[in-house]
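Notes follow once the structure below has been shown.
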Amino acid sequence: MKKVILISFCVFALCTTLCAWEPIPLMVCIDDNTMPIGHGHTKSPIAPPTVYLEDNTLSFAADHPEYVLYIKDEDEEVVYSSVVTSAETQVTLPTYLTGSYKIELVMGNWLFTGYITL
């Protein structure tokens, strides 16, 4: 009986911790002007990555590919950039970044964009 209560408590604690974070809504587009429109894209569209933001930390799934991360201000100027390797699950953004920013993740010809507030 004690084990059931303990397991129930752990599942509840884990669920409330994970459910408290909302993923950043990301849009998907192809970042390659040389590809012809409407030709050669027989595959299904790629799903955007699931990225969470807590304070100044971005969290990625454990099995994600490598991305190039850009944080842009309202004038579309890059204020922070980094390579997020497939081994990294978290990226801590500088604390001097405060306000609203555009987040861009680039993976090959794919561009994922969204907006965050720090």
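If you read the sequence from its start, that first residue is 1, and numbering goes on from there.
Contact of the S59 side chain with the T89 side chain is not registered, since no non-hydrogen atoms from C-beta on lie closer than 4.5 Å. Using a 4.5 Å heavy-atom threshold, the side chains of F60 and L105 count as touching. Residues L69 and Y80 have side chains in contact (heavy-atom distance under 4.5 Å, counting atoms from C-beta outward). For the pair T113/L26, no side-chain contact is recorded, criterion being any heavy-atom separation below 4.5 Å from C-beta on. M107 is listed as a side-chain neighbour of I46, based on a closest heavy-atom distance under 4.5 Å. Counting heavy atoms from C-beta on, the side chains of L58 and Y52 never come closer than 4.5 Å.
Side-chain N/O atoms of T57 and E54 include no donor and acceptor closer than 3.5 Å.
F112 and Y115 are members of different hydrophobic clusters when ILVMFWY side chains are connected at heavy-atom separations under 4.5 Å. Taking hydrophobic clusters as Ile, Leu, Val, Met, Phe, Trp and Tyr residues chained together by side-chain heavy-atom distances below 4.5 Å, V91 shares a cluster with L97. Both L53 and Y101 belong to a common hydrophobic cluster when Ile, Leu, Val, Met, Phe, Trp and Tyr are linked at side-chain heavy-atom distances under 4.5 angstrom. The cluster map of Ile, Leu, Val, Met, Phe, Trp and Tyr, joined by side-chain heavy atoms under 4.5 Å apart, puts V84 and I24 in the same cluster.
N109 places no side-chain N or O within donor-acceptor distance of the main-chain N or O of I30, the cut-off being under 3.5 Å.
In this structure, H64 and Y67 have parallel ring planes: the angle between them is below the 30° cut-off, well short of the 60° mark.
Here CG of D63 is found 10.0 Å from OG of S86. Values are rounded to the nearest 0.5 Å.
When I103, D55, V79, L118 are each tested for a side chain to side chain contact (heavy atoms under 4.5 Å, CB included) with L93, only one passes: L118.
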### Message
side-chain contact (heavy atoms from CB on, under 4.5 Å) for K102 and I71? Distances and angles first, verdict last.
### Response
CA-CA 6 Å; K102 182 178 185 180; I71 304 294; over 6 Å; no
### Query
Between T98 and T117, does a side-chain contact (heavy atoms from CB on, under 4.5 Å) hold up when you go through it step by step?
CA-CA 7 Å; T98 58; T117 301; over 6 Å; no
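At a threshold of 4.0 Å, the pair K72-E104 counts as salt-bridged, since one of the basic side-chain nitrogens sits closer than that to a carboxylate oxygen.
Applying the 6.0 Å contact sphere to CD of E74 captures no more than 12 heavy atoms from other residues, nucleotides or ligands.
For the pair N56 and P94, the tightest heavy-atom approach, listed with the atom from each and the gap, is ND2-O, 2.8 Å.
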